[in-house]
Structures are given as structure tokens and as C-alpha cells.
S.K.: 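Structure in C-alpha cells, see below.
Hydrogens, waters and symmetry mates are skipped; everything else that's a heavy atom, side chains included, is used.
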Amino acid sequence: MYNRILVAIDASPDSPDDSLNRTTQFARMTGGTVYLLHVARGHIIPADISAGSGLGVRSAEDDVDVRERQVVQDAVDQLAAAGVDVHGELIEATERDAAEVIVQRAKELDVDIIVLGYQHHRGSAVAEHVIHQRPHCSILLARPPLSDR
């Protein structure tokens with residue numbers, strides 16, 4: 001059924017996404033392996049472009065907030081402690097490319113379902129772009145936290 005589950009999370013420390021508890025329940029119910037994915041926002045830096053020092057896109061080492069890495073690690077640790085087979089990944093991309101990254105990783109990992117955390121459909125176009133790409137698997141949109149209903 002759902003043996004390989006890609007869960008796109010928002011690892012920003014102030015994110016309202018509370019999907020880890022639901023992910024734990026879902027993974028236990030299906031017995032599946034969870035692949036946590038956070039797409040960190042890459043940025044174009046005007047100073048670099050105007051100074052002519054390349055494309056102006058920072059590398060992941062320069063741009064990804066250490067707190068985001070820690071949130072991903074904490075999420076992996078939480079799921080593993082609950083007995084879930086879990087793998088975490090952080091990829092940097094521009095916000096515009098986030099949906100493509102999610103669908104590409106789903107294809108590469110041959111997942112059965114993509115779970116999009118609440119932040120991916122609460123006003124951003126990520127969920128819509130993922131759906132329009134018609135991935136080979138099911139898509140589940142996580143419900144909003146209690147405070148946003």
C-alpha cells in the first residue's frame with residue numbers, strides 16, 4: 001500500500017507545521033519507510049549579481065540556516081525514537097523550484113505517496129504545482145494545525 005512515504009516538511013523553526021505526530025501514526029499504520037524532505041529556500045543575492053561575482057546563488061553550506069538543519073535532525077530523531085524507519089534530507093532550491101524538487105525526489109525514491117505539510121498548501125503554490133506535475137503516486141495534504149482552523 002504505502003511502503004515508501006515522502007513527507008515534505010517546513011523545517012523553519014517558527015513553522016506552524018505539526019505533521020510529525022500524524023506522520024508517526026501514518027507510518028506505524030502502514031509500516032512504511034518515511035523520507036522527510038525539507039526544501040530550504042535558496043536566495044539570489046543582489047550584491048553578488050551587481051558585483052559580477054557569478055550567478056549570485058549561495059551554496060547550501062552558506063545559505064541554509066543551522067536551525068533548519070537542527071529541526072530536520074530533531075524530526076528524524078523523533079520519528080526514529082517512535083520506531084519509524086526514517087531518512088531525512090535537506091535540499092536547497094528557490095521557492096519557485098520547490099515543487100519540482102519534491103516531485104523529482106518522489107520519483108527518485110519511488111515513493112507510493114507524497115505528504116505535503118500544511119505550510120505547502122496554506123497560501124503557497126507548492127501543492128498546486130506538485131499536483132499539476134501529476135506524479136506517479138498519491139498526494140496527501142496535511143490538515144492545518146488546530147490554531148489555524
S.K.: Do L90 and V39 touch side chain to side chain, with heavy atoms closer than 4.5 Å?
M.R.: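 No, their side chains stay 4.5 Å or more apart.
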
S.K.: What distance separates Q70 CD from Q73 CD, expressed to the nearest 0.5 Å?
M.R.: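 It comes to 6.5 Å.
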
S.K.: So E100 and Q133, side chain to side chain contact (heavy atoms under 4.5 Å, CB included) or not? Walk me through it.
M.R.: CA-CA 8 Å; E100 289 180 34; Q133 289 187 43; 3.4 Å; yes

S.K.: Atom NE2 of H129 and atom CG of D97: how far apart are they, to the nearest 0.5 Å?
M.R.: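 Going from the NE2 atom of H129 to the CG atom of D97 covers 10.0 Å.
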
S.K.: If you measure from CD1 on I5 to CG on D85, what distance do you get to the nearest 0.5 Å?
M.R.: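 If I round to the nearest 0.5 Å, the distance is 10.0 Å.
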
S.K.: Under 4.5 Å between any side-chain heavy atoms of L37 and V7, yes or no?
M.R.: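 Sidechains of V7 and L37: no contact.
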
S.K.: Compare every heavy atom of V130 with every heavy atom of P135, then report the nearest pair and how far apart it is.
M.R.: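 That would be CD-O, 3.3 Å.
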
S.K.: I'd like to know if the side chain of D112 and the backbone of R4 have a donor-acceptor N/O pair within less than 3.5 Å.
M.R.: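 Between the backbone of R4 and the side chain of D112 there is a qualifying donor-acceptor contact (under 3.5 Å).
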
S.K.: Considering only heavy atoms from C-beta outward, does the side chain of E89 approach that of I91 to under 4.5 Å?
M.R.: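 Yes, at least one pair of side-chain atoms sits under 4.5 Å.
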
S.K.: Please find the pair of heavy atoms, one from V86 and one from V76, that lie closest to each other, and give the distance.
M.R.: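 V86 and V76 have their closest heavy atoms at CG1-O, 3.5 Å.
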
S.K.: Would you check if C137 and V111 make a side-chain contact, meaning some heavy-atom pair closer than 4.5 Å?
M.R.: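 In short, these two side chains touch, coming nearer than 4.5 Å.
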
S.K.: State, with a plain yes or no, whether a side-chain heavy atom of R22 is found less than 4.5 Å away from one of V115.
M.R.: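 A side-chain contact is absent here, since even the closest heavy-atom pair is not under 4.5 Å.
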
S.K.: Are side-chain heavy atoms of L36 and L79 found at a separation under 4.5 Å?
M.R.: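 With C-beta onward as the side chain, the pair touches.
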
S.K.: Please lay out, stage by stage, how T23 and V34 fare under the test side chain to side chain contact (heavy atoms under 4.5 Å, CB included).
M.R.: CA-CA 8 Å; T23 298; V34 172; 4.0 Å; yes

S.K.: Would you call I113 and L6 a side-chain contact if the rule is heavy atoms closer than 4.5 Å?
M.R.: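 They are not in contact (no side-chain heavy atoms under 4.5 Å apart), so the answer is no.
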
S.K.: With rounding to the nearest 0.5 Å, note down the distance linking CG in L140 to CD1 in I114.
M.R.: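 Atom-to-atom, L140:CG and I114:CD1 are 10.5 Å apart.
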
S.K.: Side chain to side chain donor-acceptor pair (under 3.5 Å), that's the test. Do Q78 and D74 meet it? Break it down for me.
M.R.: CA-CA 6 Å; Q78 179 180 335; D74 291 347; over 6 Å; no

S.K.: Is there a donor-acceptor pair under 3.5 Å between the side chain of R28 and the backbone N or O of A82?
M.R.: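 Checking the backbone N and O of A82 against the side chain of R28, a donor-acceptor pair under 3.5 Å is found.
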
S.K.: Would you mind reporting whether T33 and N3 have side-chain heavy atoms less than 4.5 Å apart?
M.R.: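 They are not in side-chain contact.
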
S.K.: Which residue pairs satisfy the ring pair (Phe, Tyr, Trp, His ring centres under 6.0 Å) criterion with at least one member in residues 74-112, sequence neighbours excluded?
M.R.: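 Listed by first then second residue: Y35-H87.
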
S.K.: Any chance you could lay out the side chain to side chain donor-acceptor pair (under 3.5 Å) test for H38 and E68, step after step, and finish with the verdict?
M.R.: CA-CA 9 Å; H38 170 58; E68 287 179 276; 2.6 Å; yes

